[in-house]
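The structure presented is a predicted model; accordingly, all values stated were derived computationally and were not measured. The chain is numbered in sequence order, starting from 1.
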Amino acid sequence: MVALTVAAAVAVPGTAQAGPPLENIHYEFAESSSFDDCGFTIESDFTANGHFMVREIEGSEGQAFLGHDNYRYRDVLTNPATGAWFVVRGTAMFKELTGRQIDGDIWEFTAHEVGQPFVVEDSDGNVVLRDRGRLTFRAVFDTLGDNAPGGELIEQEVTSVSGPHPGFFGDFCEIASELIG
């Protein structure tokens with residue numbers, strides 16, 4: 001449910017310092033949508049804000065970038081047929097830490113997400129489920145050789161979990177069905 005925005009994070013082996021921010025953005029947005037992936041219609045009223053930064057790894061000749069995103073979001077999910085609703089919210093930091101060139105424009109990097117990235121509250125404000133702690137990711141990207149952050153994700157996996165993360169590994173539709181289905 002929590003979408004991770006991943007800028008291709010890559011580093012030149014032996015390079016440990018990032019340059020000044022290439023992008024340094026404070027953001028805020030809201031959007032409304034609906035979906036029926038769980039067998040019934042769910043309306044979503046989503047708001048988010050945060051601070052996103054991208055830094056070029058010094059010595060990478062414009063091909064190596066590390067992203068850092070401190071974010072907060074709130075999504076009110078409603079079954080329009082019944083009016084029942086619940087909230088999914090989160091506050092966390094996603095930070096790309098290391099990277100290495102595998103071959104050509106293909107790079108591997110590691111990242112952490114720490115905080116409470118996924119909390120579910122029922123309509124009475126009771127916490128039904130809470131992820132907290134740290135997730136560590138490994139990802140392989142094709143940076144496309146275009147001297148810009150981002151690229152095409154080839155592979156991603158969770159390499160370690162610290163703290164309980166029942167929402168990350170759980171079934172969103174099962175939660176939604178229990179609360180508003």
Side-chain angles (χ1 to χ4, degrees), residues 1-9 23-54 65-96 109-141 148-181:
M1 185 68 184
V2 175
L4 298 176
T5 303
V6 180
E23 295 180 28
N24 188 4
I25 302 165
H26 290 272
Y27 61 89
E28 188 171 328
F29 65 93
E31 67 182 23
S32 295
S33 62
S34 64
F35 57 95
D36 61 2
D37 300 359
C38 298
F40 58 96
T41 300
I42 298 176
E43 293 178 347
S44 167
D45 289 313
F46 185 87
T47 58
N49 64 67
H51 179 207
F52 180 74
M53 227 176 351
V54 175
F65 302 91
L66 298 175
H68 182 137
D69 190 10
N70 286 323
Y71 66 88
R72 176 178 299 228
Y73 73 94
R74 186 172 193 267
D75 196 2
V76 179
L77 300 156
T78 304
N79 180 337
T82 64
W85 58 277
F86 70 102
V87 172
V88 176
R89 62 177 173 81
T91 302
M93 178 187 67
F94 179 83
K95 184 173 185 177
E96 295 169 328
F109 73 96
T110 59
H112 283 170
E113 183 173 50
V114 297
Q116 294 184 32
F118 190 75
V119 179
V120 177
E121 295 177 346
D122 64 19
S123 58
D124 292 326
N126 300 312
V127 173
V128 175
L129 182 134
R130 181 189 319 263
D131 283 12
R132 62 185 175 273
R134 183 185 71 227
L135 296 172
T136 303
F137 300 90
R138 175 190 158 275
V140 177
F141 269 88
E152 293 182 14
L153 179 63
I154 296 171
E155 177 183 328
Q156 181 173 327
E157 67 178 325
V158 175
T159 57
S160 74
V161 177
S162 298
H165 286 82
F168 186 81
F169 297 104
D171 182 344
F172 173 78
C173 288
E174 184 178 310
I175 294 166
S177 293
E178 286 178 20
L179 294 173
I180 64 171

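For the pair E157 and F137, the minimum side-chain heavy-atom distance is 4.5 Å or more. H112 is not listed as a side-chain neighbour of L135, based on a closest heavy-atom distance of 4.5 Å or more. In this structure, D131 and P166 have side chains that are in contact, with non-hydrogen atoms separated by less than 4.5 Å. Counting heavy atoms from C-beta on, the side chains of T110 and T159 never come closer than 4.5 Å. The side-chain heavy atoms of T41 and N79, taken from C-beta on, include no pair separated by under 4.5 Å. In this structure, the side chains of E43 and S32 stay at 4.5 Å or more apart for every pair of heavy atoms. H68 has its side chain within reach of N70: a pair of non-hydrogen atoms, C-beta onward, lies under 4.5 Å apart. Between E23 and F65, every side-chain heavy-atom pair lies at or beyond the 4.5 Å cut-off.
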What verdict does the side chain to side chain contact (heavy atoms under 4.5 Å, CB included) test give for F168 and F118, after you've listed the backbone C-alpha separation in whole Å, the side-chain angles of each residue and the deciding distance to 0.1 Å? CA-CA 7 Å; F168 186 81; F118 190 75; over 6 Å; no
Evaluate the side chain to side chain contact (heavy atoms under 4.5 Å, CB included) criterion for residues L179 and V120: first the C-alpha distance (whole Å), next the side-chain angles of each, then the deciding distance (0.1 Å), finally the verdict. CA-CA 10 Å; L179 294 173; V120 177; 3.7 Å; yes
Under the side chain to side chain contact (heavy atoms under 4.5 Å, CB included) rule, what do V119 and L129 come out as? Steps first, then yes or no, please. CA-CA 6 Å; V119 179; L129 182 134; over 6 Å; no
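Ring pair F141/F109: centre-to-centre distance below 6.0 Å. Close placement of the Y73 and F46 rings is indicated, their centers lying within 6.0 Å of each other.
Between T47 atom OG1 and D75 atom CG the span is 8.0 Å, to the nearest 0.5 Å. Rounding to the nearest 0.5 angstrom, the gap separating the CG atom in D122 from the CD1 atom in I180 is 12.0 Å. H51 contributes atom NE2, which lies 4.0 Å from atom NE2 of H26 (distance to the nearest 0.5 angstrom).
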Table please: side-chain donor-acceptor pairs of residues 82-94 below 3.5 Å, with sequence neighbours left out.
unit_1, atom_1, unit_2, atom_2, d
T82, OG1, A84, N, 3.1
R89, NE, E121, OE2, 2.9
R89, NH2, E121, OE2, 2.9

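Below 30°, between 30° and 60°, or above 60°: for F172 and F35 the angle between ring planes is between 30° and 60°, a tilted geometry.
Formation of a donor-acceptor pair under 3.5 Å by the E96 side chain with backbone atoms of G67 is found in this model.
Judged purely by distance below 3.5 Å, without hydrogens or angles, the side chains of Q156 and R138 never pair a donor atom with an acceptor atom.
Sorted pairs that involve residues 169-181 and meet side-chain hydrogen bond (donor to acceptor under 3.5 Å, both in side chains), not counting sequence neighbours, are lacking altogether.
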